[in-house]
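I have placed the structure first, in the form of structure tokens, so that the comments after it can refer back to it.
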Amino acid sequence: MSIFKRLKGIMKRPEPPVAARSILATGPGDICEVSLVTYHVIGRVLSSRRRTTMLTLQDGAELSYLLVEERETNAYSFFSPIDGRLDSITEVPMTLDLDGRTYHMEEHYAEHVTTVGKTPFMQGGEQSVWRYQSDDRKLLRVEWLDGRFMIYEGESVLAADVEVLEGKPTP
């Protein structure tokens, strides 16, 4: 090895440390952990206006959903789909009673979303969302897009319980 190559190696700046992957940058193909359970991310629904991301997570045959809301600090909610049906978008009630638990509507909004991968809605568009909460802090989320309803039941998750384990390199 020549003396110039040695000097060049000594003078070269060290490479910056690799930044930790953000849960907001995850998408299909990534692996994440929620409350000590490892999931494969298979889909993502993104609302840039409200700065929310709904990740479709798969653990074996079971599907779950992680809602990430970008605020001062990120807020996380973990959902499981439930069977249920509503007849019309115009008849979504202010309170819902499911299995002896009463949910009260907190918020209703419509937003344009984009989808990537396997999600409940195969293409983006104008999505209506109703958010409910029960007295014991359980969450219920109702979504409507292109004539189809999805209903999810879940709870808030601490930021420390959500971690990206591996995935695509960030651009």
Side-chain angles (χ1 to χ4, degrees), residues 23-24 26-71 74-165:
I23 193 73
L24 294 168
T26 58
D30 291 333
I31 306 291
C32 71
E33 184 177 88
V34 180
S35 300
L36 301 177
V37 178
T38 304
Y39 295 95
H40 182 78
V41 179
I42 61 170
R44 176 175 136 168
V45 177
L46 175 68
S47 167
S48 57
R49 184 176 65 106
R50 290 185 63 91
R51 297 181 357 201
T52 62
T53 302
M54 177 78 108
L55 298 174
T56 304
L57 307 176
Q58 185 174 19
D59 178 30
E62 184 178 327
L63 293 177
S64 301
Y65 300 90
L66 180 66
L67 177 67
V68 182
E69 297 176 89
E70 188 179 2
R71 299 180 183 169
N74 292 342
Y76 302 94
S77 302
F78 189 70
F79 292 98
S80 297
I82 59 172
D83 289 333
R85 188 184 111 155
L86 296 171
D87 295 325
S88 170
I89 190 172
T90 60
E91 297 177 5
V92 177
M94 293 294 288
T95 60
L96 285 169
D97 189 26
L98 297 172
D99 297 329
R101 181 177 283 135
T102 302
Y103 292 93
H104 304 278
M105 187 185 302
E106 288 185 322
E107 182 177 26
H108 170 244
Y109 56 90
E111 61 185 345
H112 183 78
V113 297
T114 57
T115 62
V116 176
K118 296 179 180 178
T119 64
F121 306 106
M122 295 314 291
Q123 62 184 14
E126 193 69 23
Q127 180 184 54
S128 292
V129 177
W130 294 264
R131 294 174 49 152
Y132 294 83
Q133 185 171 353
S134 68
D135 291 336
D136 60 349
R137 302 186 54 83
K138 295 288 184 184
L139 304 174
L140 185 77
R141 180 179 173 94
V142 178
E143 297 176 344
W144 181 87
L145 180 68
D146 289 335
R148 181 171 182 216
F149 278 103
M150 281 297 294
I151 304 173
Y152 312 93
E153 188 174 34
E155 58 191 4
S156 295
V157 178
L158 297 174
D161 289 341
V162 178
E163 180 182 3
V164 178
L165 299 178

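Keep in mind it's a predicted model, so treat the numbers as computed, not measured.
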Would you name the heavy atoms of [X] and [Y] that are closest together and state the gap between them?
X	Y	result
Pro120	Met150	CB-CG, 3.6 Å
Met54	Arg141	CE-NE, 3.4 Å
Phe121	Thr115	O-CG2, 3.4 Å
Gly27	Arg44	CA-CD, 4.3 Å
Gln58	Gly60	NE2-O, 3.0 Å
Pro93	Met105	O-CE, 3.3 Å

Kindly indicate, with the supporting measurements, whether the criterion side-chain hydrogen bond (donor to acceptor under 3.5 Å, both in side chains) is fulfilled by Thr52 and Glu69.
CA-CA 4 Å; Thr52 62; Glu69 297 176 89; over 6 Å; no

In Å, rounded to the nearest 0.5 Å, how long is the span from [atom1] of [X] to [atom2] of [Y]?
X	Y	atom1	atom2	value
Gln127	Arg148	CD	CZ	11.5 Å
His104	Leu96	NE2	CG	10.0 Å
Leu46	Leu55	CG	CG	9.5 Å
Thr102	Leu140	OG1	CG	11.5 Å
Trp144	Ser88	CH2	OG	9.0 Å
Cys32	Ile23	SG	CD1	4.5 Å

Please walk me through it: do Gln123 and Asp146 pass side chain to side chain contact (heavy atoms under 4.5 Å, CB included)?
CA-CA 9 Å; Gln123 62 184 14; Asp146 289 335; 3.4 Å; yes

Could you check whether the rings of Tyr152 and Tyr65 sit parallel, tilted or perpendicular, using 30° and 60° as the cut-offs?
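Tyr152 and Tyr65: perpendicular rings.
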
Between Glu33 (side chain only) and Ser35 (backbone N and O only), is there a donor and an acceptor less than 3.5 Å apart?
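A pair under 3.5 Å: no.
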
Please check this pair: side chain of Arg131 against backbone of His108, looking for a donor-acceptor N/O pair closer than 3.5 Å.
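Side chain of Arg131 to backbone of His108, a donor-acceptor pair under 3.5 Å: no, none is there.
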
Basic-acidic side-chain contact under 4.0 Å: Glu107, Arg50
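Yes.
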
What I'd like to find out is whether the side chain of [X] reaches to under 4.5 Å of the side chain of [Y], using heavy atoms alone.
X	Y	result
Leu57	Val41	yes
Ser64	Phe79	no
Ile42	Leu63	yes
Ser128	Leu145	no
Tyr76	Leu158	no
Leu66	Val162	yes

Restricting to pairs with a member in residues 153-165, which pass side-chain hydrogen bond (donor to acceptor under 3.5 Å, both in side chains), not counting sequence neighbours?
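For residues 153-165: Tyr103-Glu153, Lys138-Glu155.
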
Criterion side chain to side chain contact (heavy atoms under 4.5 Å, CB included) on Val142 and Tyr132, from CA distance to verdict:
CA-CA 8 Å; Val142 178; Tyr132 294 83; 4.0 Å; yes

Listed by chain and number, what are the salt bridge (charged side-chain N to carboxylate O under 4.0 Å, His left out) partners of Arg49, not counting sequence neighbours?
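Residues passing salt bridge (charged side-chain N to carboxylate O under 4.0 Å, His left out) with Arg49: none at all.
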
Could you give me the CA-CA distance, side-chain angles and deciding distance for Thr38 and Leu165, then say whether side chain to side chain contact (heavy atoms under 4.5 Å, CB included) is met?
CA-CA 9 Å; Thr38 304; Leu165 299 178; 4.0 Å; yes

Does Leu86 form a side chain to side chain contact (heavy atoms under 4.5 Å, CB included) with Glu91? I'd like the steps, not just the answer.
CA-CA 8 Å; Leu86 296 171; Glu91 297 177 5; over 6 Å; no

